[in-house]
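Worksheet: the structure to be examined is printed underneath.
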Amino acid sequence: MLDLRPIGYVIGLLVVILGCTMVFPLLLDIYDGQGHWPVFLESAIITILAGGLLALSCANGVGQGLDIRQTFLLTTSVWAALPIFGAIPLMLGETDLRFVDGFFEAMSGLTTTGSTILSGLDDLPRGLLLWRAILQWLGGIGIIVVAMVFLPELRVGGMQIFRSEAFDTMGKILPRAQAIARQISMIYVGLTVACAMVYGALGMKPFDAICHAMTTASTGGFANYDASFGTFSGPAEYAASVFMILAALPFVRYVQMVNGQTTPLLHDAQVRGFLLTIGVLVVVTASVLVTVFPHHPEQAVREALFNITSIISGTGYASVDYMGWGNFLIMMFFFIGLIGGCAGSTACSVKIFRYQLLIASIRVQIQKIRSPHGVFFPRYDGRPVGQDVLSSVISFFMFFVLTLGIVAWLLALTGLDFVTAVSGAATAVANIGPGLGDIIGPAGNFAPLNDTAKWILIIAMLIGRLELLAVYAILTVRFWRS
């Protein structure tokens, strides 16, 4: 029988932590004199009480670790439960959102997707804007821990390839997760503070610098203005590009650097592949902007670098409405979002290492065709790759494409046009942020969609953020029978 008490205990503690973070927008609203602070006080009381009661009721079942089934269930349950409480300030506050809209916004925040149903951001109370940024910041650090501790243990999508080079967590998931989380937290906070300081030095107001630093480090993309990052065009775009890239690199390498190992980051195949991909795409995009559109070379490079980095990392900021850049670049942006950053980062989507493994596997198959009697093995980062890893990666690709198709089909059934349905499915499953088209493109938002479409996207964001298989596993009959 599956013991749910350890799962409930951890979820309860995390809900309490979420409730405690509501004190920051509460204090900000008191300082601003907006009269909005009672909303955060009520939300905090509800959240802390609910989480505390759940943790206390499950405390007698806490052991030294979690088994595989409990880990699968915990990973999914956390991301399903926290948005419920994260939505409370949005529903009670000035935005006065219905549950589906509040849940959509909170799920988008905690999964660092960056899709929004809110408009008129320029006029919202600063406390609500800060709360949106906090949701994404917490979601960013949470997904790093999941990617470094849980997904390798669960062998999700080939993530087990990183077990040996990261941390020994087998049989002691919870205690080890706490140790890893402490190291990651220091690095994550340091990256956020550095980003905020750079933004401030480039002319952003302190509040904007803090909020955008939180949503940059988390590669989340929530902005304080309807124009997204277009409000800060210029040098801030270069700074944002740098920090989005840093956030999309594997955090295990930063941990190793802090512990005195400086070479792994530079020799990581993921990092080299990710930076090379960005470089090639920026050159192509900038060249098109200069030759086809009346762009100054510096403007072309800046806008190409920023928007490509934003989409490939899954941040979802937009500095311009790139829907006006022509069909070639629009389609390229669609596929860029399906690449993703590095495993073990705040970035989302497929991840660059899976493409590298797939290419290595294809290369080996071609070699076997040329030399039937030869012995060839796919290699990643100089090491041979086991068949279990390749099978996991291929399964991930299969489920990713299948999920993308099903979500797009379901969205089309709700009455959405082809472009909106397909790009909406991609932006939710890959946790990118904006879609394509006039409705959900970089100049629009998701408010016009009907409730059914929003629920489909909410589920897709959850599935995509946890890399599909971690969610699908708990939907099988065998999972509950084992």
Side-chain angles (χ1 to χ4, degrees), residues 15 17-48 50 82-142 192 196 199 204-218 220-232 315-318 433-434 444-448 454 458 461:
V15 169
I17 292 173
L18 183 70
C20 291
T21 61
M22 293 178 185
V23 71
F24 297 109
L26 184 153
L27 294 175
L28 179 61
D29 271 321
I30 292 176
Y31 175 80
D32 287 345
Q34 291 277 354
H36 191 262
W37 63 267
V39 168
F40 286 105
L41 180 60
E42 295 171 15
S43 302
I45 292 173
I46 294 171
T47 303
I48 293 173
L82 292 183
I84 296 175
F85 296 95
I88 295 177
L90 300 171
M91 293 187 292
L92 299 180
E94 189 168 311
T95 53
D96 193 26
L97 299 179
R98 297 175 303 126
F99 177 71
V100 61
D101 292 329
F103 194 56
F104 180 98
E105 193 79 7
M107 179 66 78
S108 178
L110 284 166
T111 58
T112 69
T113 302
S115 303
T116 184
I117 52 90
L118 294 177
S119 57
L121 297 175
D122 308 53
D123 301 320
L124 284 182
R126 294 202 302 172
L128 278 177
L129 296 175
L130 178 60
W131 179 239
R132 294 169 77 242
I134 288 174
L135 286 176
Q136 290 208 319
W137 194 80
L138 293 175
I141 191 171
T192 307
Y199 282 161
M204 278 194 193
K205 297 177 182 177
F207 176 73
D208 288 335
I210 293 171
C211 287
H212 288 85
M214 295 172 75
T215 57
T216 300
S218 63
F222 275 165
N224 290 349
Y225 303 93
D226 288 332
S228 189
F229 215 85
T231 309
F232 312 106
T315 306
Y317 284 141
N445 62 35
F446 289 72
K454 290 174 183 175
I458 287 170
M461 285 189 281

*Pair listing, salt bridge (Lys or Arg N to Asp or Glu O under 4.0 Å) test, anchored in residues 26-46, at least two apart*: Asp32-Arg126
_Are Phe222 and Leu135 packed together at the side-chain level, in the sense that at least one heavy-atom pair is separated by less than 4.5 angstrom?_
no
_Counting C-beta onward and ignoring hydrogens, is there a side-chain heavy-atom pair between Thr21 and Trp131 closer than 4.5 Å?_
yes
_Can you tell me how far apart CZ (Phe103) and CG (Leu90) are? Round to the nearest 0.5 Å._
12.0 Å
*What salt bridge (Lys or Arg N to Asp or Glu O under 4.0 Å) pairs are there with at least one residue in residues 101-118, not counting sequence neighbours?*
Arg98-Asp101, Asp101-Lys454, Glu105-Arg132
*Evaluate whether atom OH of Tyr31 has more than 12 neighbouring non-hydrogen atoms of other residues, nucleotides or ligands under 6.0 angstrom away.*
no
*Output yes when a side-chain donor or acceptor of Trp137 lies under 3.5 Å from a complementary backbone atom of Gly220, and no otherwise.*
no
*Is a side-chain donor-acceptor pair under 3.5 Å present for Thr113 with Ser115?*
no
*Of the options Leu82, Leu18, Thr112, which is the one that meets Leu138 in a side-chain contact (heavy atoms from CB on, under 4.5 Å)?*
Leu18
*asked:* Determine whether a donor-acceptor pair (N or O, by modelled atom type, separation under 3.5 Å) exists between the side chain of Tyr317 and the backbone of His212.
replied: yes
*Please determine which of Asp122, Thr231, Asp208 meets the side chain to side chain donor-acceptor pair (under 3.5 Å) test together with Tyr225.*
Asp208
*Between Gln136 and Gly221, is there a donor-acceptor pair closer than 3.5 Å when you use the side chain of the first and the backbone of the second?*
yes
*Got a second to check how far Ile88's CD1 is from Thr47's OG1, nearest 0.5 Å?*
4.0 Å
